[in-house]
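Structure record follows, encoded as structure tokens.
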Protein chains: 2
Amino acid sequence: MATIKDVAKLAGVSVATVSRALNDSGYVSEESRKKVEQAIKELEFTPNEVARSLFQKSSKIIGLLLPDISNPYFPIVAKGVEDRAQEKGYMVILGNVEDNPEKETTYMKFFSQYNISGVLSVAVVKNSRHTNGPYVLLERASDKEDYSVSTDDVLGGRLAAEAIAKHAKGKVIVIAGPKEVQGSVDRLIGNIEVLKEKYIDYEVFESGTFQISDAEKIAYDLFERYTDFDSVIASNDVTALAIIKEAHKRGLTVPEDLQLIGYDNIPFSQLSSPGLTTIGQPAYDTGYKGATLLLNLIEKKPIHNKKVKLKPELVVRETLRKES
Amino acid sequence: MATIKDVAKLAGVSVATVSRALNDSGYVSEESRKKVEQAIKELEFTPNEVARSLFQKSSKIIGLLLPDISNPYFPIVAKGVEDRAQEKGYMVILGNVEDNPEKETTYMKFFSQYNISGVLSVAVVKNSRHTNGPYVLLERASDKEDYSVSTDDVLGGRLAAEAIAKHAKGKVIVIAGPKEVQGSVDRLIGNIEVLKEKYIDYEVFESGTFQISDAEKIAYDLFERYTDFDSVIASNDVTALAIIKEAHKRGLTVPEDLQLIGYDNIPFSQLSSPGLTTIGQPAYDTGYKGATLLLNLIEKKPIHNKKVKLKPELVVRETLRKES
DNA sequence: TTGAAAGCGCTACCAC
DNA sequence: GTGGTAGCGCTTTCAA
């Protein structure tokens, strides 16, 4: 690897001049610039970012903390982050924290050891802000956090309940996600608001988890616990998919015997059969806009909007009954 | 952030001693070590990895190149890599290259700028070895590559075909993945070997892609093109799931009218209904063992096995007919 | 407009 | 056993 010294020698100037040319800082004569550019090309020189960040105390890397990379929703967020980061010449380091505060702490420590310039977090843990640097919360915004991009979950909850309400005949079961997650309580609020407005009979089933591995158990428990329902509002797509499967196992047809709606619009909700009607979370946008916000913070650009709110939308497929 | 100098001052020793204590290199008296440890604790000192890597010309970061992070198979691989890396105190930087050689080049350049100590690649692009450092290929091993961990795809292909053959009545359609990918040609070889051995009527349908977005089109084309088949061997689970859906749309029941088998055992194959019978690729193990191999390479430990081969296995669920 | 030189935090050599 | 110091590759004063 060629260094800035090699470039300087070849170009017949000092390293200081090369550095200035590299960063467009200070004065460099047209002539010197030409010579430097030529030398850079010849040596295939690329600046060593490690040395650069040692001096600047900040590297062009951002950290991304995800709760569960095997849940297909998060890779999409990650892709949004990655795309935006790459546009701005940043790399992203990914940390899978699995709702484990210890892993989160470990990562935050790593991050600061590497002079990471900012972090994006979808982690669930409260008070997890172990950094003084730029930090933006994704998806699970709390009131106290300064910067965040999240989806209007109350609205999403309303959308889901409205869609279900239109064709509900019997009781509606609402599956509630973990109470610690603001987003899932908001959805529940939205669900219930609508159900009450329309005087629809419902019951809330606490599932208390978002982990993919538990979805099947939830589905099983649901049918063991209740019998007199014909509609369910699931807390996420994974759960909804598990419920479809369990319903089929029990000889029920979807949506005739049981209609249901998911939440997230993960890629697979499209491939299930019947295709899952769900609420689309703008996963990619969340990542992309989150990264944009973070990068603006890092570059100390003026921020118009500390809390970006995205809108969810109803994605109609085949798990809701037709007009009845 | 406290630095090594602060520690030295507080402990009343030189920075050299602190460094030795930190790295267990050279002699440090018990007394000095105690004082240093005390000072470290007091100042909450953590070594600056950037400075360390500037000197060592290598950071405790490994790069992971993935072809498509939204394909649920890859996040599992990533998790295996991440777990192993974290055990050894390494971080992983993730790059989503989307079978795009340019993005791959960009990442490799980033990696070298950050003195990354090694890279793990599941990327499809040939001759993509833009590095002289430790490099291990995952999943898509070619003959020429020195280090790799991959699954025995011919065996996987055989397993799939054997399972299908047991209950095939009419023609079997074999969906072939992209020819550029060694793994998918190997699977096809395995498929055909068995089908020929058993004198089963089959046809090969070239799909030419692994991208999730194309799966539905492939499924549609399949039914438009052929009518006289009752079994399909899909090139991956995503495609298989799309075929189930298309079959249902056309009023066919699975597995009675159409039996099929996937490949990969992605998490969702379990949640589909009926549950998808498939060939399990040891995704997590691939990542975990790949990282182990890479880390051994980095630490210049003796390598027993340059090309690790993992065994696929049949995962029986509900898309194959019972004994007929 | 340019270059010499200091220094970012750390490691490793060498002398004591 | 220990400490002084050079130097990793870069940026940024400061003088010239």
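Chain A is the first sequence line, chain B the second, and so forth, proteins listed ahead of strands; every chain is numbered from 1.
- In this structure, Phe110(A) and Tyr114(A) have tilted ring planes: the angle between them lies in the 30° to 60° band.
- Contact annotation for Thr3(A): backbone-only contact, meaning every heavy-atom pair under 4.0 Å involves sugar-phosphate atoms and none involves a base.
- Here CD of Glu299(A) is found 4.5 Å from OH of Tyr90(A). Values are rounded to the nearest 0.5 Å.
- Under 4.0 Å is where a charged nitrogen must lie from a carboxylate oxygen, and between Glu82(B) and Lys79(B) no such pair does.
- In summary, the side chains of Ser150(B) and Lys309(B) do present a donor paired with an acceptor at a separation below 3.5 Å, with no hydrogens or angles considered.
- Between the side chain of Ser117(A) and the backbone N or O of Ile61(A) there is at least one donor-acceptor pair closer than 3.5 Å.
- Put simply, CG on Asn48(A) and CG on Asn115(B) are 5.0 Å apart, with the number rounded to the nearest 0.5 Å.
- In summary, contact between chain B and DNA chain C, defined as any nucleotide atom under 4.0 Å from a heavy atom of the protein, begins and ends at dG9(C) to dC13(C) in the 5' to 3' direction.
- Side chains of Ile76(B) and Pro267(B) form a contact here, defined as non-hydrogen atoms less than 4.5 Å apart.
- Taken from CG in Asp152(B) to CD in Gln281(B), the straight-line distance is 10.0 Å, to the nearest 0.5 Å.
- Between the side chain of Asp6(B) and the main chain of Thr3(B), a donor-acceptor pair closer than 3.5 Å is present.
- Asp68(B) and Ser70(B) share a donor-acceptor pair across their side chains, judged by distance under 3.5 Å alone.
- Without hydrogens or angle criteria, Lys103(A) side chain to Asn96(A) main chain gives a donor-acceptor distance under 3.5 Å.
- Bounding nucleotides for the chain A contact on DNA chain D, 5' to 3', at a heavy-atom distance below 4.0 Å, are dG9(D) to dT12(D).
- Of the residues in residues 50-58 of chain B, those placing a heavy atom less than 4.0 Å from an atom of DNA chain D are Leu54(B), Phe55(B), Lys57(B), in numerical order.
- Side-chain atoms of Ser19(B) do not come within 3.5 Å of backbone N or O of Val15(B) as any donor-acceptor pair.
- The list of salt bridge (charged side-chain N to carboxylate O under 4.0 Å, His left out) pairs with a residue in residues 44-64 of chain A, not counting sequence neighbours, reads Glu49(A)-Arg52(A).
- Note on ring orientation: taking the six-membered ring where Trp is involved, the planes of Tyr107(A) and Phe111(A) are tilted (angle from 30° to 60°).
- Of all the residues in residues 25-32 of chain B, Tyr27(B), Val28(B), Ser29(B), Ser32(B) reach under 4.0 Å from DNA chain D with at least one non-hydrogen atom.
- To the nearest 0.5 angstrom, Arg84(B) atom CZ is 12.5 Å from Asp285(B) atom CG.
- Rotation axes derived from the C1' atoms of the five outermost pairs at either end of the helix from dT1(C)-dA16(D) to dC16(C)-dG1(D) lie 50° apart, to the nearest 10°.
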